[in-house]
Undergrad: 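Below: one structure in C-alpha cells.
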Amino acid sequence: MSARRIVEVLTTAQVGQRVAIQGWIRTRRDSKAGLSFLAVHDGSCFEPIQVVAPAELPNYASDVLRITTGCAVTISGEVVASQGKGQTVELRAESIEVVGWVEDPETYPMQPKRHSMEYLREVGHLRPRTNVIGAVTRVRHALAMAVHRFFDERGYFWVHTPIITASDAEGAGQMFRVSTLDLANLPRTAAGEVDFSQDFFGKETRLTVSGQLNVETYCMAMSKVYTFGPTFRAENSNTRRHLAEFWMIEPELAFADLAADAQLAEDFLKYIFGALLDQRKDDLAFFEKFVDPECQKRLSQLVQSKFERIEYTEAIRLLEKATRSFEYPVSWGIDLQSEHERYLTEEVIKGPVAVMNYPKDIKAFYMRMNDDGKTVAAMDVLAPGIGEIIGGSQREERLDMLDARIAAMGLHKEDYGWYRDLRRYGTVPHAGFGMGLERAIQYATGLENIRDVIPFPRAPRQADF
RNA sequence: UCCGAAGUAGCUCAGUGGUAGAGCAGGCGGCUGUUAACCGCCUGGUCGUAGGUUCGAUCCCUACCUUCGGAGCCA
C-alpha cells in the first residue's frame with residue numbers, strides 16, 4: 001500500500017478505505033480502554049490526522065507505548081468515522097512502524113505545547129515541525145506560486161537576474177563583498193591598495209541589493225518581465241522588519257507610465273492575497289486564532305477594496321491638517337515616516353492607497369523627472385496594518401535627464417555604462433515596482449518578526465543552520 | 001549603530017544578601033474514546049560570562065556576550 005498525504009486522507013478518503021500515511025508524531029495519548037491516540041502530521045495541511053492504535057497491535061507494548069513527540073512513523077489502517085469530537089474521520093491502525101525514534105525524549109526540543117517564537121529561532125532545524133512554522137511554510141509557498149501565476153497569466157517572463165554583481169552603484173544599501181582572495185594575505189597594488197584584478201572575477205564584486213537594473217535590460221526586449229529571487233543587504237539593522245537576505249519581487253513593464261505601474265501593483269496585490277484566502281483557509285484560521293485576530297479581515301478587505309490614488313503633495317496637505325500630532329513633523333519635501341503612512345491609509349483613506357509623485361531629492365536617481373522639475377514619478381502603495389507594502393516608479397528613459405540626475409546626486413555616469421545604453425538604443429517609457437516577499441507574508445499572517453516568515457533567517461550575528 | 005528591557009531545570013516562568021521553586025516535558029503508577037487529557041510520586045539547575053563589593057551573591061556594582069522591543073535604514 002503506497003502512502004497518501006494526510007491532506008488527501010482527511011479530505012477525500014472514504015470511510016472504510018484502507019490507506020497508509022507517513023509522518024511525524026505530534027502527541028500520543030493513551031487510554032486504558034485498550035488503545036492509544038496518535039496525532040500525526042506530514043506537512044500537507046494544518047490539521048494532523050488522529051490515529052487510533054488498538055492494544056491488539058503486535059508491537060503495541062514494545063513500540064506504540066514508547067512513541068514520543070517527534071517520532072517518524074509509517075501507519076496503515078482503515079479510515080473510520082471518529083467516535084470522538086474534534087475530527088470527523090480518523091485512521092484505525094492495522095500496522096504502525098516507527099521509522100525513526102527520538103533518541104532522548106527528555107531533551108527533544110519540540111514539545112506539544114506553545115513555544116515562544118524566540119525559542120523556535122534557536123532550533124531552526126526543528127521548528128518546521130511546529131504548527132506555526134508549518135503554516136508559514138504553506139502560506140509562503142502559496143504566495144510565491146501566486147506571484148508566478150499572476151505574471152505568467154499576463155505574459156510576463158521570469159528573468160533570473162544575477163546574485164553576484166560587479167556594480168557597486170545599484171543604489172542605497174551596504175553590500176556584502178564576494179571574494180576568493182586570501183584575507184590573511186591580500187595582494188596589493190603598487191599604491192598599496194587591495195589588488196582586485198587578482199580576485200576571482202578580476203574586479204570587485206558584491207551580492208546584489210536589487211535585480212531592477214539588470215531586469216530593465218530584459219524589459220527593453222521582452223516587454224514584460226519580473227525578477228523573483230534572493231536579495232542581500234549588509235546593513236546593521238536589528239529590527240523585526242529587516243533581514244540581511246530576503247526575497248524580492250520586481251516586475252518591469254515597457255511602454256508604461258506610473259499610472260499603469262500603480263494599476264499593476266493593485267491587481268498584483270489583490271491576486272496574490274485573493275489566492276491565499278482561497279487556498280490556505282486552514283492556516284489563516286490558525287493565524288487568526290493564535291497570532292493576529294485581524295489577519296483574514298485585513299486580507300479580504302484589501303482584496304475587495306478599490307485602491308485610492310493621491311499625490312504626494314496632497315498627502316502632505318492631509319497630514320498637515322491632521323488633528324493628531326506626529327513624532328516627526330510634516331512638511332513638503334520630507335520622506336513619509338511609518339506613522340505618517342499608517343495614518344493616511346488607516347485613518348484618512350481607510351483602505352489601500354497609492355501615493356504618487358514624490359520630491360526628487362528623497363528618491364533614487366533612476367526615477368523619472370516630472371515636468372514640474374520638483375517631483376519624480378515614484379509611487380508607494382500603502383495598506384492598513386502595515387504602511388508601505390510596495391514601492392515603485394516610472395524609470396527615467398531620457399538619457400540627458402538621466403545623466404543630469406546621476407550628476408546631481410554625485411554619482412559617476414561612467415559607472416552606469418550599460419544602463420545608459422538602454423537609453424541610447426531604442427529607449428521607451430517603462431516602469432516597475434518592488435515588493436519584499438517576507439513583508440507580504442508578515443502582512444498576511446500578522447507575525448511580528450520577519451525572522452519567523454523565512455526558513456533560515458540571515459541577520460546581523462545570525463547565520464545559523 | 002543608538003536607546004530601553006531581559007538572560008534561573010529540556011521548555012515557560014516565579015523567587016531570596018545565607019548556594020533555589022511551580023507548571024509543562026521525561027520516568028513510574030492510577031484513570032479515561034482521548035483532544036496541549038487528568039491525578040499521584042520521582043528525576044532534573046556550577047541561577048549568561050568575567051571581575052568587584054561582602055563573612056557570604058543567583059540577588060548589589062562594573063564590563064562583556066546574547067536575545068527581545070523601539071529608533072535609524074529600508075523591502
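Order of the sequence lines sets the chain letters (A, B, ...), proteins ahead of strands, with each chain counted from 1.
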Undergrad: Among B:U1, B:G70, B:A71, which is the nearest nucleotide to the side chain of A:N236?
TA: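 Shortest atom-to-atom distance from the side chain points to B:U1.
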Undergrad: Is B:C74 paired to anything, Watson-Crick or G-U wobble with both distances less than 3.5 Å, and if yes, which nucleotide?
TA: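 Its partner: none found.
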Undergrad: Please work out if A:L437 contacts a base, only the sugar-phosphate, or nothing of the nucleic acid, heavy-atom cut-off 4.0 Å.
TA: nothing
Undergrad: Would you measure the distance from the C1' atom in B:C59 across to the matching atom in B:U54 and give it in whole Å?
TA: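 Taking atom C1' in both B:C59 and B:U54, they lie 13 Å apart.
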Undergrad: Looking at B:G70, B:U34, B:C68, which one has an atom nearest to any side-chain atom of A:Q87?
TA: B:U34
Undergrad: When the C1' atoms of B:A36 and B:C74 are considered, how many whole Å apart are they?
TA: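 Per the computed distance, 39 Å lies between those C1' atoms.
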Undergrad: The criterion is ring-ring contact (aromatic ring centres under 6.0 Å, His included); which residues satisfy it with A:H412, sequence neighbours excluded?
TA: none
Undergrad: With a 3.5 Å cut-off and heavy atoms only, can you find an N or O donor on one side and an acceptor on the other between the side chain of A:R92 and the base of B:G33?
TA: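 Such a pair is found, so the answer is yes.
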Undergrad: Got a sec, which residues hit salt bridge (charged side-chain N to carboxylate O under 4.0 Å, His left out) with A:K270, two or more places apart in sequence or on another chain?
TA: A:E266
Undergrad: Has the side chain of A:T345 got a donor or acceptor atom that lies under 3.5 Å from a matching backbone atom of A:R342?
TA: no
Undergrad: Before we go on, tell me: are the rings of A:F228 and A:H160 under 6.0 Å apart, centre to centre?
TA: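 No.
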Undergrad: Nucleotide by nucleotide, 5' to 3', does protein get under 4.0 Å of the base (B), only the sugar-phosphate (S), or neither (-) in nucleotides 2-13 of chain B, counting heavy atoms?
TA: --------BBS-
Undergrad: Could you give me the CA-CA distance, side-chain angles and deciding distance for A:F465 and A:F456, then say whether ring-ring contact (aromatic ring centres under 6.0 Å, His included) is met?
TA: CA-CA 7 Å; A:F465 309 109; A:F456 300 98; 7.2 Å; no
Undergrad: Ring centroids only, cut at 6.0 angstrom: are A:F433 and A:F268 within range, meaning strictly under it?
TA: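 For A:F433 and A:F268, the ring centres are under 6.0 Å apart.
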Undergrad: Which of residues 21-31 of chain A have a heavy atom under 4.0 Å from RNA chain B?
TA: A:T27, A:R29, A:D30, A:S31
Undergrad: Could you identify which residues of residues 44-80 of chain A place a heavy atom less than 4.0 Å from some atom of RNA chain B, listed by residue number, or say none?
TA: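 By residue number: A:Q50, A:V52.
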Undergrad: Using a cut-off of strictly less than 4.0 Å between a heavy atom of the residue and any atom of RNA chain B, enumerate the qualifying residues of residues 128-145 of chain A by number.
TA: none
Undergrad: Enumerate donor-acceptor pairs with a distance under 3.5 Å from any side-chain N or O in residues 137-145 of chain A to protein atoms, sequence neighbours excluded.
TA:
| unit_1 | atom_1 | unit_2 | atom_2 | d |
| --- | --- | --- | --- | --- |
| A:T137 | OG1 | A:I133 | O | 2.7 |
| A:R138 | NE | A:D283 | OD1 | 3.2 |
| A:R138 | NE | A:D283 | OD2 | 3.0 |
| A:R138 | NH1 | A:G43 | O | 2.8 |
| A:R138 | NH1 | A:C45 | O | 3.4 |
| A:R138 | NH2 | A:D283 | OD1 | 2.9 |
| A:R140 | NH1 | A:E438 | OE2 | 3.0 |
| A:R140 | NH1 | A:V453 | O | 2.9 |
| A:R140 | NH2 | A:E438 | OE2 | 2.9 |

Undergrad: When you measure from the side chain of A:T239, which nucleotide among B:G33, B:G72, B:C73 comes out closest?
TA: B:G72
Undergrad: Do the numbers put A:R458 on top of the ring of A:F176, so that NZ or CZ is under 6.0 Å from the six-membered ring centre and no more than 45° off the axis?
TA: no
Undergrad: Rounded to whole angstrom, note down the P distance from B:A9 over to B:G4.
TA: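 Approximately 27 Å lies between the P atom of B:A9 and that of B:G4.
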Undergrad: Write down the distance separating the C1' atoms in B:G51 and B:G15, rounded off to the nearest Å.
TA: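 It works out to 25 Å between them.
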Undergrad: Which of residues 450-465 of chain A sit near RNA chain B, with a heavy atom under 4.0 Å from it?
TA: A:I450, A:R451, A:R461, A:Q462
Undergrad: When rounded to the nearest Å, what value does the distance between C1' atoms of B:U67 and B:C61 take?
TA: 23 Å
Undergrad: Across the strands shown, which category fits A:Q337 at heavy-atom distances under 4.0 angstrom: base, sugar-phosphate, nothing?
TA: sugar-phosphate
Undergrad: Is A:R241 touching bases, backbone alone, or none of the nucleic acid, heavy atoms closer than 4.0 Å?
TA: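 Base, at least one base atom sits under 4.0 Å.
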Undergrad: Which part of the nucleic acid does A:F433 contact within heavy-atom distance under 4.0 Å: base, sugar-phosphate only, or nothing?
TA: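 The answer is nothing, as A:F433 stays clear of every strand by at least 4.0 Å.
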Undergrad: Could you give the CE-to-C1' distance, from A:M248 to B:C74, as a whole number of Å?
TA: 10 Å
Undergrad: Is it true that the side chains of A:S36 and A:Y60 contain a donor and an acceptor less than 3.5 Å apart?
TA: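 The criterion, which ignores hydrogens and geometry beyond distance, is satisfied for A:Y60 and A:S36.
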Undergrad: Expressed in angstrom and rounded to an integer, what is the separation of A:I389 atom CD1 from B:C74 atom C1'?
TA: 15 Å
Undergrad: Is a side-chain donor-acceptor pair under 3.5 Å present for A:N131 with A:R26?
TA: yes
Undergrad: Just by modelled atom types, is the A:Y328 backbone N or O under 3.5 Å from a matching donor or acceptor in the A:H340 side chain?
TA: yes
Undergrad: Paired with B:C55 by Watson-Crick or G-U wobble geometry, both distances under 3.5 Å: which nucleotide is it?
TA: B:G18
Undergrad: Would you indicate what A:G434 reaches in the nucleic acid, counting non-hydrogen atoms under 4.0 angstrom: base, sugar-phosphate, or nothing?
TA: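 No contact.
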Undergrad: Once you apply the 3.5 Å cut-off to both distances, tell me the Watson-Crick or G-U wobble partner of B:C41, or none.
TA: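 Partner of B:C41: B:G27.
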Undergrad: Does the structure show a Watson-Crick or G-U wobble partner for B:G69, both distances under 3.5 Å? Name it, or say none.
TA: B:C3
Undergrad: Just by modelled atom types, is the A:T161 backbone N or O under 3.5 Å from a matching donor or acceptor in the A:Y218 side chain?
TA: no
Undergrad: Quick one: A:Y328 OH to B:G70 C1', roughly how many Å, whole number?
TA: 10 Å
Undergrad: Once salt bridge (charged side-chain N to carboxylate O under 4.0 Å, His left out) is applied, do any residues pair with A:E308, and if so which ones, sequence neighbours excluded?
TA: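 With neighbours one apart ignored, the set is empty.
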Undergrad: Suppose you measure atom P in B:C42 against the same atom in B:G23; what distance do you get, rounded to whole Å?
TA: 11 Å
Undergrad: Identify the nucleotide, in any strand shown, that forms a Watson-Crick or G-U wobble pair with B:A63, with both distances under 3.5 Å; if there is none, say none.
TA: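 Paired with B:U49.
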Undergrad: If I pick the C1' atom on B:G45 and the same atom on B:G21, what distance separates them, to the nearest angstrom?
TA: 11 Å
Undergrad: Would you measure the distance from the C1' atom in B:G70 across to the matching atom in B:U12 and give it in whole Å?
TA: 25 Å
Undergrad: Would you say the side chain of A:S237 and the base of B:C73 hold a donor-acceptor pair, judged only by whether the two atoms sit under 3.5 Å apart?
TA: yes
Undergrad: Under 3.5 Å, sequence neighbours excluded: what are the donor-acceptor pairs made by side chains of residues 377-392 of chain A?
TA:
| unit_1 | atom_1 | unit_2 | atom_2 | d |
| --- | --- | --- | --- | --- |
| A:D380 | OD2 | A:Y358 | OH | 3.3 |

Undergrad: Can you figure out which of B:C73, B:C74, B:G26 approaches the side chain of A:P105 most closely?
TA: B:G26
Undergrad: Measuring from the side chain of A:E235 (C-beta onward, heavy atoms only), which nucleotide among B:C73, B:G33, B:C74 has the closest atom?
TA: B:C73
Undergrad: Expressed as a whole number of angstroms, how long is the span from A:H242:NE2 to B:G72:C1'?
TA: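 From A:H242 NE2 to B:G72 C1': 9 Å.
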Undergrad: Could I get the full list of salt bridge (charged side-chain N to carboxylate O under 4.0 Å, His left out) partners for A:D30, not counting sequence neighbours?
TA: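 Once residues adjacent in sequence are excluded, the partners of A:D30 under the salt bridge (charged side-chain N to carboxylate O under 4.0 Å, His left out) criterion are A:R28.
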Undergrad: Starting at atom CZ of A:R233, determine the distance to atom C1' of B:U1, rounded to an integer number of angstrom.
TA: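 Taking CZ of A:R233 and C1' of B:U1, I get 18 Å after rounding.
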Undergrad: So, A:H430 versus A:Q394: side-chain donor-acceptor pair below 3.5 Å or not?
TA: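 The answer is no; no qualifying pair exists.
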Undergrad: My understanding is that only residues two or more places apart in sequence, or in another chain, count here; which of them pass salt bridge (charged side-chain N to carboxylate O under 4.0 Å, His left out) with A:D42?
TA: A:R5
Undergrad: Using only heavy-atom distances, determine whether the side chains of A:S82 and A:Q87 contain a donor-acceptor pair under 3.5 Å.
TA: yes
Undergrad: Would you mind telling me which of B:G70, B:C73, B:G33 lies closest to the side-chain atoms of A:F37?
TA: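 Shortest atom-to-atom distance from the side chain points to B:G33.
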Undergrad: Strictly under 6.0 Å, is that where the ring centroids of A:F232 and A:F246 end up?
TA: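 Ring-ring flag for A:F232/A:F246: false, centres at least 6.0 Å apart.
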